[in-house]
Number of protein chains: 2
Amino acid sequence: MKISEASGECGLSPDTIRFYEKSGLVQIARGADGLRRFSPENVEWLTLLYWLRQTGMPMKVMHRFASLYQQGAETIGDRTALLLQHAEHLRTRRQELDCCELVLAHKVSTYEALERSIA
Amino acid sequence: MKISEASGECGLSPDTIRFYEKSGLVQIARGADGLRRFSPENVEWLTLLYWLRQTGMPMKVMHRFASLYQQGAETIGDRTALLLQHAEHLRTRRQELDCCELVLAHKVSTYEALERSIA
DNA sequence: ACTTGACTTGGAGTAACTCCAGGAAACTAG
DNA sequence: CTAGTTTCCTGGAGTTACTCCAAGTCAAGT
């Protein structure tokens, strides 16, 4: 699988995939032609990275995670812990969304009241 | 009110407040000593900006919003529309969180299964 | 043979901060 | 009244995580 197809499957842009490879988050094999060839495992890994990044995990933490991943099976406990911590972080984000929704609803209702008082 | 107190109330760092002022998102009066003096209205506005930014509104859109705000009451309809659109965006974000939560839960459960199969 | 399209690299540009150096004004302790 | 600490100011450099671009290679289609 070449980069555009992998990009379509994992959600990351080709540029971002190359950037992640350069910074060591993923290792991708090359064909005899020098082009990147993505394995299903590559795609699964990149998809996971996509979701972690999309929900605000910083690169530093992703690097820690990637380093554990590359060390193999004995780091699964640490990886689980890291993912659970990120799940905790998602709850915080959700509370932020809730809070912002309240702020918006309040603001919109005062705007609507203002508009009625003008009209 | 001076900048550190305003920062504490609105959630933005002093540096970010200065950055927002420089880029035109807010106008802040100065005292005779040259220091910024924040009105309650300033703080309310900055708090709104904080929430919009925190939930992913890009600077470009915030500038549009700020420009409407500075044009006065006749832009309230436009401002309401903009906020409602952002509220829509919040729903998208929440779906992303949901989706990531599923991905994480699945990954954690496969990790746990793997760990049991090793141990 | 030639164009088109997907890929490669290295490097510049961008968004939105964040930090820092250097300096002024004010408050606080001795 | 002086010395030190805090809080503020400005302009500018540094950071994160991309994103875009120029210049070049290679394979496939017409």
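Below, chain A is the first sequence line, B the second, and so on; all start at residue 1.
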Query raised in the report: Over how many whole Å does the gap from A:Met59 atom CE to D:dA17 atom P extend?
Result: 6 Å

Query - Rounded distance (Å) that lies between atom C1' of C:dA15 and atom CE of B:Met62 - result: 11 Å

Query raised in the report: Has A:Glu74 got more than 12 heavy atoms of other residues, nucleotides or ligands less than 6.0 Å from its CD?
Result: yes

Report task. Check each residue of residues 36-58 of chain A for a non-hydrogen atom within less than 4.0 Å of any atom in DNA chain C, then write out the ones that pass by number, or none. Result -> A:Arg36

Requested in this report: Could you check which of C:dT18, D:dC9, C:dC7 has an atom nearest any side-chain atom of A:Lys2?
Outcome: C:dC7

**Report entry** Side chain A:Ser39, main chain A:Asn42, donor-acceptor under 3.5 Å
**Finding:** yes

Query raised in the report: Rounded to the Å, how far apart are B:Arg30 CZ and D:dC9 P?
Result: 6 Å

Query raised in the report: Can you list the steps and then say if B:Ser7 with B:Ser4 is a side chain to side chain donor-acceptor pair (under 3.5 Å)?
Result: CA-CA 5 Å; B:Ser7 164; B:Ser4 63; over 6 Å; no

Query raised in the report: Are B:Glu96 and B:Thr92 close enough that a side-chain donor and a side-chain acceptor fall under 3.5 Å?
Result: no

**Report entry** Exercise: do A:Tyr111 and B:Arg79 side chains pair donor with acceptor under 3.5 Å
**Finding:** yes

Requested in this report: Starting at atom CD1 of B:Ile17, determine the distance to atom C1' of D:dT7, rounded to an integer number of angstrom.
Outcome: 14 Å

Query raised in the report: Got a donor-acceptor contact below 3.5 angstrom from the B:Trp45 side chain to the B:Leu25 backbone?
Result: yes

Report summary line: A:Phe19 CZ to C:dG13 P, in whole Å, measures 18 Å

Report task. Determine, for nucleotides 23-28 of chain C in 5'-to-3' order, which nucleotides have protein heavy atoms under 4.0 Å from the base (write B), from only the sugar-phosphate (write S), or from neither (write -). Result -> ------

Query raised in the report: Would one find a side-chain N or O of A:Arg18 under 4.0 angstrom from OP1 or OP2 of C:dT8?
Result: yes

Query raised in the report: So, A:Ser23 side chain and A:Phe19 main chain: donor-acceptor pair closer than 3.5 Å or not?
Result: yes

Query raised in the report: Between B:Tyr20 and C:dC17, does any side-chain N or O lie under 4.0 Å from OP1 or OP2?
Result: yes

Report summary line: DNA chain D nearest-nucleotide lookup for B:Ile3 and B:Lys22: closer to the 5′ end is B:Ile3

Query raised in the report: A:Glu21 has an atom CD; how far is it from atom P of D:dA17, in whole Å?
Result: 18 Å

Query - A:Asp15 side chain, from C-beta outward: closest of D:dC21, C:dA16, C:dC20 - result: D:dC21

**Report entry** Nearest-neighbour nucleotide for the B:Ser4 side chain, D:dC18, C:dC7, D:dT7 considered
**Finding:** D:dT7

Query raised in the report: What do the steps show when you test B:Leu52 against A:Leu104 for side chain to side chain contact (heavy atoms under 4.5 Å, CB included), and what is the final call?
Result: CA-CA 9 Å; B:Leu52 295 177; A:Leu104 286 186; 3.8 Å; yes

Query raised in the report: Would a distance-only check, ignoring hydrogens and angles, find a side-chain to backbone donor-acceptor pair under 3.5 Å from A:Glu115 to B:Gly77?
Result: yes

